[in-house]
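Below is one structure, written out as structure tokens; the observations come after it.
Any value given below was found using the heavy atoms of this structure, including those in side chains, with hydrogens, waters and symmetry copies removed. Just so it is clear: chains get the letters A, B, ... in the order the sequence lines come, proteins before strands, and each one is counted from 1. Small disclaimer: the values here were computed from a predicted structure and weren't measured.
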Amino acid sequence: MRLEAMESMYQDVILDHYKNPHGRGLRDGDAEVHHVNPTCGDEITLRVRYDGETVADVSYEGQGCSISQASASVLNELLVGKDLAEALAVQDTFLRLMQSKGQITPDDAMEEVLEDAVAFAGVSKYPARVKCALLSWMAWKDATAQALGDGLVNERTTS
Amino acid sequence: MRLEAMESMYQDVILDHYKNPHGRGLRDGDAEVHHVNPTCGDEITLRVRYDGETVADVSYEGQGCSISQASASVLNELLVGKDLAEALAVQDTFLRLMQSKGQITPDDAMEEVLEDAVAFAGVSKYPARVKCALLSWMAWKDATAQALGDGLVNERTTS
Amino acid sequence: MSHTLPGLLDTEAIRKDFPILHRTVHDGKPLVYLDNAASSQKPRQVLDAMSEYYERHHANVHRGVHVLAEEATALYEGARTKVASFVNAPSRDEVIFTKNASESLNLVANMLGWAEEPYRVDDRTEIVITEMEHHSNIVPWQFLAQRTGAKLKWFGLTDDGRLDLSNLDELITEHTKVVSFVLVSNVLGTHNPVEAIVRRAQQVGALVVIDASQAAPHMPLDVQALGADFVAFTGHKMCGPTGIGVLWGRQELLEDLPPFLGGGEMIETVTMSSSTYAPAPHKFEAGTPPIAEAVGLGAAVDYLTGIGMERIAAHEQAITRYALERLAEVPDLRIIGPVSSEDRGATVSFTLGDIHPHDVGQVLDEQGIAVRVGHHCARPVCLRYGIPATTRASFYLYSTPAEVDALVRGLEYVRGFFG
Amino acid sequence: MSHTLPGLLDTEAIRKDFPILHRTVHDGKPLVYLDNAASSQKPRQVLDAMSEYYERHHANVHRGVHVLAEEATALYEGARTKVASFVNAPSRDEVIFTKNASESLNLVANMLGWAEEPYRVDDRTEIVITEMEHHSNIVPWQFLAQRTGAKLKWFGLTDDGRLDLSNLDELITEHTKVVSFVLVSNVLGTHNPVEAIVRRAQQVGALVVIDASQAAPHMPLDVQALGADFVAFTGHKMCGPTGIGVLWGRQELLEDLPPFLGGGEMIETVTMSSSTYAPAPHKFEAGTPPIAEAVGLGAAVDYLTGIGMERIAAHEQAITRYALERLAEVPDLRIIGPVSSEDRGATVSFTLGDIHPHDVGQVLDEQGIAVRVGHHCARPVCLRYGIPATTRASFYLYSTPAEVDALVRGLEYVRGFFG
Ligand SMILES: Cc1ncc(COP(=O)(O)O)c(C=O)c1O
Ligand SMILES: Cc1ncc(COP(=O)(O)O)c(C=O)c1O
């Protein structure tokens, strides 16, 4: 059975994160949001905690498919410890990759920014699944704006 | 120019009645109705006067196409002077002819009942015009029911 | 693995009528289309009827004296006659064409909200639905309840996926103005017991609305035998085109109830300050109707009737029984809904261990197998059974036992993939 | 009788795309289709796009993870993008697919009836329309006025078939919540002055709704340049299929205003007791949308754009000018509407002596000439001009000067027939 396209969606990295999620569970935070993917009912409750402008923690709980679960785990791994501007840059790059409809093949620069998250490149070919991959990332940006204020988030956004 | 079907709609009899309508104008009556053909806006106000069970007068006023105008004129000519049962039989025969979708060719018996009204046979092929031809006849039956009561009208109806 | 189940249709012949069933997906895999509860495919006969309509007869209907307008009107109204006889309506004037079943249901809810007594729904009255409704038979009633102050109540579900009628008499009371329920559930497959509900509703003088969206395509439907006041269904699930739905309603109700959408075609006479309305069905069909879509639906009804609704029902019954048997062999697979093929339609929902339905569906798709995953527009059902979503396979007159086998093989592969 | 008017399109080539234009009626007479204001004919490109959709890609949209669902969704949403760019919408999310223009207008009226302040229409507020509206832009506002107690007011018409704006400032006041008017009249052909009305409406903070049903098919439409809040039009008049209409609305309004029809596709999350709604446009698209119809409309938009809306407008301008000239030669013929071709569309209504339009239309039809007769769903216009009905000839991109000649010849024959 030929499963190229799909195997490129279900990368081992994604399956690993799905089976062993990072930072799952709800811990103290400065803001909490609840996002839903209306097309499939996936849900996430996500909290952010900031230490000045440093992402001190991203904790979350929710239900969803391997893609949305793995993406939340990758987000936690990638963003915790980064300062806001860096974290926003990662978020923005991830967003661009996911909206590329399979047209972007991540280059070295992108891999450096996204690390494990480049594994999601294959998902961008499946519009119905892009929303799964983005659920936690949208929730994170929303929670961050609530915790720190829209103004600051906009200022630190590069694009 | 070949106009068979249409010439059979616009029989000379119809055009004559259209140009020289019988009994047009509103006179005293026992009941008055106002009917509208919503598909084209044709309107008729029609009054009936009864002398016992004899149709003493059918008077009317309205606007509409040649078919609806001629049909009211023919109605006046045919029904005034008849007794109710006869008049209802004429109405019923006319209705059957008009709903025949061009499938009935009037025979002698029908011609005897309908007289000038057989000229409308061709109209029955044109669903949009059937309503024009029936406007005054429906109004007459309605007015008669108002003047004499539904009960009597049903009793005298043959079919 | 018997592929000659009793009651099967000649699917080889039938499948020839459906062009899409011959396409392949994902580099040459044959399409196994098991998403019929979401929408059915269309036979060539339906597509040809619509093309022929546009290529030979199109014009706006009613009001026209030219040939095309006469022909288009005859075709459009002819489709109404076909649909009326398909559901055994006493009169063709009881068949209203809408854009889909959702509009049909909203139309009823709105008529009742603006109606005079005795039909008027207001803050002293109650609306009863069920926990297995499609969102299209929930949200319109929520709107009506919010806007009128009426109380919305519902039947719960038993653990084996059936309506819990144990509190029938407490739910449907003297205050109930309308009871609306689905004939066959689009998630559970359950075929609901109409008689008990209708009897109780009639006792208290409530109107009965039946959502037959998942029934009309699959079995003989007789609105008179159902005893309901309104029956809604949708064209695209029954071999017809998108863009058309049906509402059947009892004549005297259609006469008494107020119109919903205003516009061309539905009026008798209009002045700037007020209007009067045409008789039903036109009163409820504002604007240019779905003409080609009605022609297509008429052709679909001819197609289905040509095969025979009894035979289609028997075919699906056989396929469903076989599918339930075969699915029972898949480890960790849990059917959501009745596990026996009695009183159920050809829609089978399930979960597969902890594997999220999205993942199940995606891996099946890669093998050419199209199923639906999610809450299927009936989220309360998922909440009721404590699951986020299901995977749903749904069959139709062209479904084969071999497709059931493909599904089962596909599910084994899914288990391996995420195991 | 010049048949090479400046600005004409290559109708010979264009007519090849429209199968129906080659049929004959009444024993071999070529069809002269002059009923385009009622509905246009469809080019093969549109029919092919819909057939191809059903034969290769059909499935229900959104919510699906299988190939067909992905493809159908991409095609449906792609059509939205095409329509958005056709009317220069700032965002594709501002384009709502409805079943026809009538539903689009009812949708706006209902949103405003259920809205919160500042949009809410209630018994302290006023609605302004005009005397030249199609019933579809009258009756929804009558409903809204009846149901909320708002007052319905309207612009009158001048003797030469234009809006009488002399009392603009008295009609549109601080109490006005919404002003709704037709861009091009379907009876008179009048092209209305948008700017003056929009300026005044904005002064008093009223929303502006434009019925562009007779404009979108015929000229470049730019919703941003119009300055309106909502613009409605319908697919079947612009080379698209029946069963689809469009409502464009400003994003922030679509966000703030409440939904209308409830059901599948328009929700975010549903419980039995309450629901939240998806963002626009989905919030306003309950149930399975007109998928194939959107694909067809997208193809229609491509077709029109391929020819160029500016060029289509110029073609129709030339034909209309020629028709007005030629009709002026017919004795007893009275144009109802502007007699010059300035600020008017390609729709020409007239009366012919005392001959009832029904009779005019019937005798023209027998010669193969299809016109519409009656009040054209705009009865107040007939009342205003003291006539029961009109005969209406309406042109489109495939209309030719020879067809105008045929009409004039046909009218001479009609005069003879009833003379
Ligand atoms: C000006 C105008 N508005 C609205 C409509 C209604 O369009 P539809 O019948 O497609 O809803 C029409 C066409 O009939 C029209 O000409
Ligand atoms: C049970 C049921 N009711 C209503 C609907 C709504 O049908 P539509 O989306 O065509 O309006 C559906 C289908 O989606 C359904 O399955």
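- Using a 4.5 Å cut-off between heavy atoms, C:Ser104 makes no contact with chain D at all.
- Residues D:Phe143 and C:Met266 share a closest heavy-atom pair of CZ-CE, 4.0 Å.
- Within the 4.5 Å cutoff, side-chain heavy atoms of C:Val67 are placed close to those of D:His26.
- Per-residue heavy-atom pair counts under 4.5 Å with chain D were compared for C:Gly368, C:Ala109, C:Ser102, C:Ala145, and the maximum is reached by C:Ser102.
- Atoms SG and CD, on C:Cys377 and D:Glu265 in that order, are 5.5 Å from each other to the nearest 0.5 Å.
- Taking every heavy atom of both residues into account, D:Gly264 and C:Ser136 meet most closely at N-OG, 3.0 Å.
- Of all heavy-atom pairs between D:Ala69 and C:Arg372, the closest is CB-NH2, 3.6 Å.
- If you tally non-hydrogen atom pairs under 4.5 Å between each of D:Ser51, D:Ser273, D:Ala59 and chain C, the highest count goes to D:Ser273.
- When heavy atoms are compared at a cutoff of 4.5 Å, D:Ile129 approaches chain C solely by way of its side chain, counted from C-beta outward.
- You'll find the side chain of C:Asp35 stays beyond 4.5 Å of the side chain of D:Asn60, heavy atoms only.
- When the candidates D:Ser40, D:Ala72, D:Gly243 are compared by the number of heavy-atom contacts under 4.5 Å with chain C, D:Gly243 comes out ahead.
- The most heavy-atom pairs under 4.5 Å with chain D, out of C:His236, C:His134, C:Glu133, C:Glu131, come from C:His236.
- Distance check: D:Ile291 CD1 to C:Asn100 CG gives 10.0 Å after rounding to the nearest 0.5 Å.
- Contact annotation for C:Glu52: neither backbone nor side-chain heavy atoms come within less than 4.5 Å of a heavy atom of chain D.
- Among D:Thr269, D:Leu152, D:Thr288, D:Val371, the residue with the largest count of heavy-atom pairs under 4.5 Å with chain C is D:Thr288.
- No part of D:Tyr76 comes within reach of chain C, as not one of its non-hydrogen atoms sits under 4.5 angstrom from that chain.
- When each of D:Gly245, D:Pro259, D:Ala101 is checked for heavy-atom pairs under 4.5 Å with chain C, D:Pro259 comes out on top.
- The parts of C:His58 that come within reach of chain D are both its backbone and its side chain, each placing non-hydrogen atoms under 4.5 angstrom from that chain.
- In this structure, C:Pro380 and D:Thr271 approach most closely via the heavy-atom pair CG-C, 4.3 Å.
- Neither the backbone nor the side chain of C:Thr234 comes within contact range of chain D, judged by heavy atoms closer than 4.5 Å.
- Only the backbone of C:Val61 comes within contact range of chain D, with at least one heavy atom under 4.5 Å from a heavy atom of that chain.
- Annotation: side chain of D:Glu55 is in contact with side chain of C:Arg44 (closest heavy-atom distance under 4.5 Å).
- The aromatic rings of D:Phe260 and C:Phe260 lie tilted to each other, with the angle between the two planes from 30° to 60°.
- Between C:Ser274 and D:Gln142 the shortest heavy-atom distance is N-NE2, 3.3 Å.
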Margin query: As a quick check of understanding, evaluate side-chain contact (heavy atoms from CB on, under 4.5 Å) for D:His57 and C:Arg23, giving each step before the final call.
Written below: CA-CA 9 Å; D:His57 310 294; C:Arg23 82 165 265 193; 3.4 Å; yes
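- The two atoms that bring C:Arg379 and D:Val270 nearest to each other are NH1-O, 2.8 Å, heavy atoms only.
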Note to self: Let's go through D:His358 and C:Val65 carefully: what are the C-alpha distance in whole Å and the side-chain angles of both, what is the deciding distance for side-chain contact (heavy atoms from CB on, under 4.5 Å) to 0.1 Å, and is it a yes or a no?
What the structure shows: CA-CA 7 Å; D:His358 252 188; C:Val65 296; 3.8 Å; yes
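- Of the residues considered (C:Thr242, C:Asp365, C:Val139), C:Thr242 shows the highest number of contacts with chain D, using heavy-atom pairs under 4.5 Å.
- Between atom CG of residue C:Leu261 and atom CD of residue D:Glu103 there is a gap of 6.5 Å, rounded to the nearest 0.5 Å.
- Between chain D and the residues C:Glu293, C:His22, C:Met272, the largest count of heavy-atom pairs under 4.5 Å involves C:Met272.
- When C:Ala286, C:Gly361, C:Ala378 are compared by the number of non-hydrogen pairs under 4.5 Å with chain D, C:Ala286 comes out ahead.
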Check: Going through the checks in order, is the salt bridge (Lys or Arg N to Asp or Glu O under 4.0 Å) test met by C:Glu285 and D:Lys99?
Finding: CA-CA 11 Å; C:Glu285 294 182 353; D:Lys99 68 174 176 178; over 6 Å; no
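- If you tally non-hydrogen atom pairs under 4.5 Å between each of C:Leu21, C:Thr98, C:Leu383, C:Leu68 and chain D, the highest count goes to C:Leu68.
- In this structure, chain D has no heavy atom under 4.5 Å from any part of C:Leu105.
- Contacts of C:Trp114 with chain D are made by side-chain atoms alone, with heavy-atom separations under 4.5 Å and no backbone atom involved.
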Note to self: Applying side-chain contact (heavy atoms from CB on, under 4.5 Å) to D:Gln41 and C:Tyr54, what does each step give before you reach the verdict?
What the structure shows: CA-CA 8 Å; D:Gln41 299 302 343; C:Tyr54 281 126; over 6 Å; no
